[in-house]
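Single-structure report; data block below.
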Amino acid sequence: MKIVHLSDSHLGWRDLHHTDAEGHNLREQDVYDAFAQAVDRVLELEPAVAIHSGDLFEGYHPFSAALGVALDQVERLRAAGIDFAVIAGNHETPRVRAIAHPFSLLERFGVHAVHGEPRRLRFGDLAVTAVPHSNDPEAMAGWITAAEPDADARFNVLVAHAGLEGLARVGAGEPGAVELPGELLEQVASFDYIALGHLHQLDRPRVNAVYPGSLERLNWGDQARRKGIVEVDLDAEPLDDAFLTVHEIEGRPRTRLPALDASKVDDLTKAISRLAKTKGLEGAIVKVPIANVSFEKYGAIDRRRIGEAFAHCLHLELEPEFVEAGSGRPQPAAPAELRDFLSRRVPAGVEAEVFVGRGETYMTRAAEDIGA
Ligand SMILES: [Mn+2]
């Protein structure tokens with residue numbers, strides 16, 4: 001018996017200001033395209049069931065565009081006779097139990113959409129124990145610990161949306177995100193397959209437990225080399241190659257170029273523009289880190305010229321690492337409280353050192369400006 005597992009589609013997510021001729025946000029469109037591509041693959045693979053392990057929508061009040069895309073794709077699966085089961089992730093779980101959850105709408109269109117509390121679904125020989133996200137981590141851990149395979153079913157799959165301690169942190173720190181102890185997986189190890197959602201990079205924390213990851217790279221913290229959905233052959237043993245197959249989904253490239261050392265170039269505009277010739281940047285979201293740059297030199301970059309050089313890319317972002325201004329006199333050391341304050345507020349997907357370092361730089365500069 002074959003199933004397909006996908007996750008973290010985030011329909012309705014928007015980013016950057018780029019729009020198409022009709023004014024649609026291009027990144028929002030990328031996410032819809034990735035989901036349609038995933039459904040194309042599901043239709044080719046013809047599994048008994050497609051399982052989505054949470055964050056189908058970016059929020060619990062999806063735009064009508066996002067809802068429309070979901071219903072259109074669900075209809076394609078329904079027409080092909082493929083069951084679609086989905087659990088609510090942290091993104092589509094309201095803080096207060098909403099009367100009209102978008103999932104109840106999906107249910108009217110034949111989707112097995114589980115939210116609020118766990119449910120067991122049955123598809124012939126297969127039992128799917130679906131544990132939706134809860135804003136109460138203890139309740140959720142309890143639901144997962146209590147999950148047991150259905151003895152009457154030939155195959156058993158558990159679906160849950162949570163981070164596990166000790167795994168990569170992409171997706172952690174999101175609103176309402178829940179991180180559970182990694183040992184929890186061992187308590188449910190008797191399931192044939194554990195379909196996990198929440199981490200945005202492909203990961204296999206246990207031989208029979210997989211995070212397929214998100215379908216698109218939603219931030220710079222997502223360094224996944226490939227994006228995709230997972231095909232699982234439940235008749236195979238987890239250690240066999242046949243058990244798991246990853247099918248790639250092509251997303252928009254996100255490229256962080258090697259850092260430019262500003263102290264070693266005279267014409268920074270020219271040096272940045274030259275990087276635009278790097279291969280594979282067509283349509284990409286590009287970041288150029290610039291090391292050792294003064295505020296003055298950074299401010300003198302000709303934005304129009306580099307914009308023209310990178311016109312074939314969707315988006316260009318400069319990431320300066322400033323050398324401290326006013327060198328020559330001793331810098332006031334950032335107080336320990338500032339480091340502490342910043343390190344407890346590192347946004348998801350950002351390296352702590354970079355974030356804290358930048359915060360310190362700005363505070364130092366501000367202190368100089370006011371003559372402190
Ligand atoms: Mn997610």
Side-chain angles (χ1 to χ4, degrees), residues 4-16 25 27-28 30-39 50-63 66-67 69-70 73 84-95 101-103 106 111 113-115 130-135 137 140 144 158-165 167-180 194-205 209-224 226-230 246 249 251-252 254 285 346-350:
V4 170
H5 174 201
L6 64 159
S7 197
D8 294 84
S9 304
H10 288 265
L11 301 177
W13 176 84
R14 282 177 183 169
D15 194 29
L16 308 178
N25 182 280
R27 291 294 285 147
E28 180 185 351
D30 286 346
V31 163
Y32 297 154
D33 292 347
F35 187 58
Q37 225 188 107
V39 171
I51 296 174
H52 193 293
S53 47
D55 288 356
L56 175 67
F57 294 115
E58 170 67 13
Y60 53 87
H61 285 148
F63 306 128
L67 206 48
V69 167
Q73 298 304 332
F84 186 45
V86 48
I87 59 165
N90 55 302
H91 273 265
E92 61 234 326
T93 301
R95 295 314 175 111
H101 193 278
F103 275 26
L106 290 184
V111 177
V114 179
H115 66 104
V131 179
H133 171 83
S134 165
N135 291 320
M140 211 166 115
I144 294 175
L158 175 68
V159 195
H161 186 91
L164 290 169
E165 277 163 17
L167 280 185
R169 296 300 188 95
V170 181
E174 287 176 348
V178 166
E179 188 164 323
L180 301 172
I194 304 166
L196 295 167
H198 187 55
L199 293 190
H200 285 188
Q201 287 178 206
L202 177 73
D203 213 323
R204 193 175 183 179
V210 175
Y211 287 98
S214 59
L215 300 175
E216 258 286 326
R217 292 168 183 83
L218 304 185
N219 59 44
W220 287 105
D222 188 344
Q223 306 272 324
R226 53 181 185 166
K227 288 280 159 198
I229 62 174
V230 170
V246 177
I249 300 291
R252 186 179 291 278
R254 232 180 217 279
I285 298 169
V346 180
V350 177

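We count ligands from 1, going down the list as the structure has it; atoms in each ligand are counted the same way.
Residues Arg27 and Glu216 are paired through a salt bridge, judged by an N-O separation under 4.0 Å between the basic side chain and the carboxylate. Salt-bridge annotation for Lys227 and Asp222: present, with a side-chain N of the basic residue lying under 4.0 Å from a carboxylate O of the acidic one.
Atom OD2 is the N, O or S atom of Asp8 at the shortest distance from the Mn ion (ligand 1). Atom OD2 is the N/O/S atom of Asp55 found closest to the Mn ion (ligand 1).
Among residues two or more places apart in sequence or in another chain, the ring-ring contact (aromatic ring centres under 6.0 Å, His included) test is passed with Phe103 by His101. Checked against salt bridge (charged side-chain N to carboxylate O under 4.0 Å, His left out), Arg217 has no partners two or more places apart in sequence or in another chain.
Taking 2.8 Å as the criterion, His10 counts as a coordinating residue of the Mn ion (ligand 1), since one of its N, O or S atoms falls below it. At least one N, O or S atom of His200, from either the backbone or the side chain, sits less than 2.8 Å from the Mn ion (ligand 1).
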